[in-house]
Amino acid sequence: MQQAYLNGLNERQKEAVEHIKGPLMIIAGAGSGKTKVLTSRIAHLMHSGVDSFNILALTFTNKAAAEMKERVEKALGNTEARNLYIGTFHSVFARILRAEASKLGYPQSFTIYDTDDSRSVLKQVINDMGLDDKLYKPNIVHNRISAAKNALVGPAEYAMDNFLKQEDARSNRPQIAEIYASYVARCFKSGAMDFDDLLFKMHELLRDFPEVLHKYQHKFKYILIDEYQDTNPVQYQIAKLLAAVHENLCVVGDDAQSIYSFRGATIENILQFQKDYDDVKLVKLEQNYRSSKSIIEVANHVIKNNKGQIPKELWTDNDEGDKIKLVRTMTDNDEGKFVADAIQENKLRNHFLNSEFAILYRTNAQSRSFEESLRRAGVAYKIYGGLSFYQRKEVKDFIAYLRIIANTKDEEGLKRIINYPARGIGKTTVEKCLVIASEQNITFFEVLEKAKAFGFKAGTLTAIEEFVTMIKYFQNQLTKHNAYDVAVQVGKHTNIVKELFNDKSTEGLARYENVQELLNSIKEWTESPSNEDGEQGDKSLGAYLQQITLITDSDNDNGNEDTVKLMTVHAAKGLEFSCVFVVGLEETLFPSGMSVNTREELEEERRLFYVAVTRAKKHLWLSYANSRYRFGQLVQNDPSRFIDEMPEEMLDKSSAGGGARNQSSSGWGSAYDRMHGGNTRGWTEPKQKSSSPSTASKPSYLPVTPPSTLNKNHIPSENFVAADPSQLEAGMKIEHQKFGFGVIKEIEGSAHNPIALILFDKNGEKKIMLNYAKLSIIP
DNA sequence: TGAGATAAATTTTTT
DNA sequence: ATTTATCTCA
């Protein structure tokens, strides 16, 4: 008798699902039903008598974890699935580390430092060591340390590693090892772990505490890892340790979709898996159920340009589908306009919902032009990525109070709020405290507690004592009340809520609302019966804080909104849409200019393109702009080399927008458009020869397009002359290059940075910074 | 100590 | 073009 969850699986998929004992590796091509196999497999395990408490599934996003849990629940038709341990590497390990924190010398409610916190610590370390922060940029140093942690290289190993030493010497940053050691010490002193520590410390815990290892080895008898191609060495080593007794480790991945090597991920893990276990069952899923034949053919064709791929050929039974539409526009704004137009047209013609469209780009910064065009067109959209809710200033400030209440050692949190709202404890005092803390080897907060002993001015001392009393009061409240009640008290006592409420500016209003939303989220979390991860009970403030640090934007998505989705290709991993626009296909952008120096980097960009293309089910558009704004400057880019790697006969080329005249002809393949589309391939020859790094990375100097064609909103007059800001006065008629004609209503701002309030004929009222914008006076 | 002006960096991708 | 860091002056 066959179980329901086995219905609709193909032979390969069934093979993977029904394999219970021993190591299993599933190479799952894009759209080959990977999630279905994973969830069916979990259902099958449970149906075969495996206790749900003994199954661990690790994913890369909370969303993927939630989806998996939901689907297993559906497949089984009971609530057993609630006992499954499903979550991201980071959140699962954070929870375990919370339980075992004392063994590693951390407080139970250790703080999780996000990237900003980490960078801030590094900045201080670099300063304290008297190093040049132009050379030791916190960003670069952080990447270096992060890479080390992900490769299981601690500060001591780092200092002894000749290869790393040489690399650092070559880049003129020989002291990274010292910074690393100091950074680690500082985080530890603050009772804080950064993102990488959640992995690194987890490994340390299992490596150094056999009884802990034993406990979790027997808890997690069956382990599944999703997106295996994106795991890094620490993650693999942890999995290996956990699976060492039962060896029931199932990994699912696709080497062609490995796109996180910058985070230390390595497809080496796929090869290593087969070396580490000698009886690996290997299943390849090559049938794609998602996309049309055209889309699969193009994707296959492109990825063949990569050298080191595991041999496999993705195929599909689906319809042939439309050709891939390749569109060239003049500017990034035209690109935005074109996409908005195409979405509206297709909604009408094919009755698509907004939610069936996705716009995928290489960098978050590209979202702007699409945002504008969609807003203008009245199409509902949602942007994913960028900074998350919990990283906004006002939210993070508020959270900092909670962080201090949960963990007074948290230095970064304390620095954030010690003088927010202003209470007369300024920079000088903070500096002094930090020096004392370092000299006496006590924490920042302990200095505040013992402030009397360190000779502060009377006023300062009072301020400090009041602050300490307040924090202790909150901590005391926490023993009697839940996290939400305490958070409300924080809002009241500190006056933060009132202060934000009284700020009636637009931004102030938004800030007030954000803090309210934060309070709501705490309330919701406090009152929900069991938290998202399925762990019973732990409703403490510390648990809440550890959880929210790991939440990303896309996790908050309920998926029910009918909106066009805008996101980076990275964020789109694992998702699918009927209609996909892959935009900004230009050299230096996609592939990124940062990633064309080595074959490995370029191949990862190509895999990224492959991921982008394979998100589409039915319709795929690829677009690029002749020129776009970057750092406020108009730059020209060649079309992406990936365009050239696609079979020409599969493409339906056109150009759109650009000319102010023929707006209506976002035309599909008029003779004129074809000609222009065809022309874009003119550069093919020289570009392919230039595979040597020296010529490949050189910018090309193409004739600059006259500015008159750049903005379709307004074409500047022939005799446009930018006026000196000092010549401008209220009441003058002016012309703006972009916004057209208007009248200056008022000039405000300082003499050095004058700001004009201008009423434009077509674009309404705008504030223009005269030092940047060019205005021509109309007599 | 804090506001305001000036200089400088920013854009790879994320837990 | 916009945001962030640093500096200057009240």
Side-chain angles (χ1 to χ4, degrees), chain A residues 58-65 87-94 112-116 118-120 123 133-134 137-139 142-143 146 149-150 193-199 227 230-232 234-235 258-265 360-368 384-388 390-391 393 419 422-430 457 459-460 463 547-555 567-573 584 588-596 601 604-605 607-609 611-612 628-635 738 749-753 768-769 771-773:
Chain A
L58 296 167
T59 64
F60 270 79
T61 62
N62 294 302
K63 199 180 166 193
T88 65
F89 282 89
H90 288 83
S91 69
V92 167
F93 296 167
I112 298 174
Y113 276 177
D114 67 14
T115 310
D116 284 338
S118 298
R119 277 219 287 259
S120 167
K123 231 168 148 179
D133 59 359
K134 289 277 181 311
K137 288 190 187 156
N139 228 340
H142 186 239
N143 286 340
S146 175
K149 285 185 181 174
N150 284 319
M193 295 196 199
D194 65 16
F195 286 138
D196 304 314
D197 282 332
L198 294 176
L199 309 176
E227 308 282 8
D230 288 324
T231 54
N232 57 38
V234 211
Q235 289 168 321
S258 164
I259 54 173
Y260 279 97
S261 73
F262 70 91
R263 214 166 72 185
L360 308 181
Y361 34 74
R362 178 68 238 267
T363 66
N364 282 305
Q366 284 165 261
S367 67
R368 185 154 295 172
Y384 294 81
L387 79 166
S388 89
Y390 297 100
Q391 294 184 19
K393 240 177 266 150
N419 201 31
R423 53 172 68 85
I425 307 177
K427 217 164 107 187
T428 341
T429 312
V430 171
K457 275 190 288 185
T460 313
Q547 188 214 241
I548 57 165
T549 315
L550 301 173
I551 291 177
T552 58
D553 235 22
S554 52
D555 295 328
M567 63 184 91
T568 63
V569 181
H570 280 92
K573 189 180 71 167
T588 74
L589 196 59
F590 199 174
S592 158
M594 314 290 285
S595 307
V596 288
E601 285 173 349
E604 176 145 326
E605 292 289 311
R607 289 193 294 269
L608 194 56
F609 181 61
V611 168
R628 70 171 62 237
Y629 282 94
R630 232 178 170 183
F631 299 122
Q633 209 117 41
L634 197 65
V635 294
K738 199 170 172 181
S750 67
H752 297 286
N753 186 25
I768 305 282
M769 293 173 85
N771 288 344
Y772 299 106

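Letters A, B, ... mirror the listed sequences (proteins, then strands); counts begin at 1.
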Earlier contact from the 5' end, DNA chain B, for A/Ala422 and A/Arg263: A/Ala422
Could you check A/Phe195 against A/Thr428 and say which one's nearest nucleotide on DNA chain B is further toward the 5' end? A/Thr428
State whether A/Asn419 places a side-chain N or O below 4.0 Å from either non-bridging phosphate oxygen (OP1 or OP2) of B/dG2. yes
What is the distance from [atom1] of [X] to [atom2] of [N], rounded to the nearest Å?
X: A/Lys427; N: C/dA5; atom1: NZ; atom2: C1'; value: 10 Å
X: A/Lys137; N: C/dA5; atom1: NZ; atom2: C1'; value: 14 Å
X: A/Arg423; N: B/dG2; atom1: CZ; atom2: C1'; value: 16 Å
X: A/Tyr113; N: B/dT14; atom1: OH; atom2: C1'; value: 21 Å
X: A/Asn232; N: B/dT14; atom1: CG; atom2: C1'; value: 12 Å
X: A/Gln391; N: C/dT4; atom1: CD; atom2: P; value: 12 Å
X: A/Leu58; N: B/dT15; atom1: CG; atom2: P; value: 16 Å
X: A/Arg119; N: C/dT3; atom1: CZ; atom2: C1'; value: 13 Å

Quick one: closest heavy-atom pair of A/Leu198 and A/Phe93, and the distance? O-CB, 3.5 Å
Less than 4.5 Å apart, side chain to side chain, heavy atoms only: is that true for A/Thr115 and A/His142? yes
Run the side chain to side chain donor-acceptor pair (under 3.5 Å) test against A/Arg263 and tell me which residues pass, sequence neighbours left out. none
Residue list, side chain to side chain donor-acceptor pair (under 3.5 Å) with A/Arg368, at least two apart or on another chain: none
With A/His570, the ring-ring contact (aromatic ring centres under 6.0 Å, His included) member among A/Phe590, A/Phe262, A/Tyr361, A/Phe609: A/Phe262
Counting heavy atoms from C-beta on, name the nucleotide in B/dT1, B/dT15, C/dT2 closest to the side chain of A/Arg368. C/dT2
Between C/dT4 and B/dT13, how many Å separate the two C1' atoms, rounded to a whole number? 22 Å
Once rounded to the nearest 0.5 Å, what's the spacing between atom CG of A/Leu199 and atom CE of A/Met193? 11.0 Å
Nearest 0.5 angstrom please: A/Ile551 CD1 to A/Asn62 CG, how far? 6.5 Å
Give one of base, sugar-phosphate or nothing for A/Phe590, where a contact means two heavy atoms less than 4.0 Å apart. nothing
Check every strand shown and say whether A/Thr429 touches a base, only sugar-phosphate, or nothing at a heavy-atom separation below 4.0 Å. sugar-phosphate
Nucleotides 11-13 of chain B: which of its N/O atoms have a protein N/O under 3.5 Å away?
residue, atom, partner, partner atom, Å
B/dT12, O2, A/Arg362, NH1, 2.8
B/dT12, O2, A/Arg362, NH2, 2.3
B/dT13, OP1, A/Asn364, N, 2.7
B/dT13, OP1, A/Asn364, ND2, 3.2
B/dT13, O4', A/Arg362, NH2, 3.3
B/dT13, O2, A/Arg362, NH2, 2.7

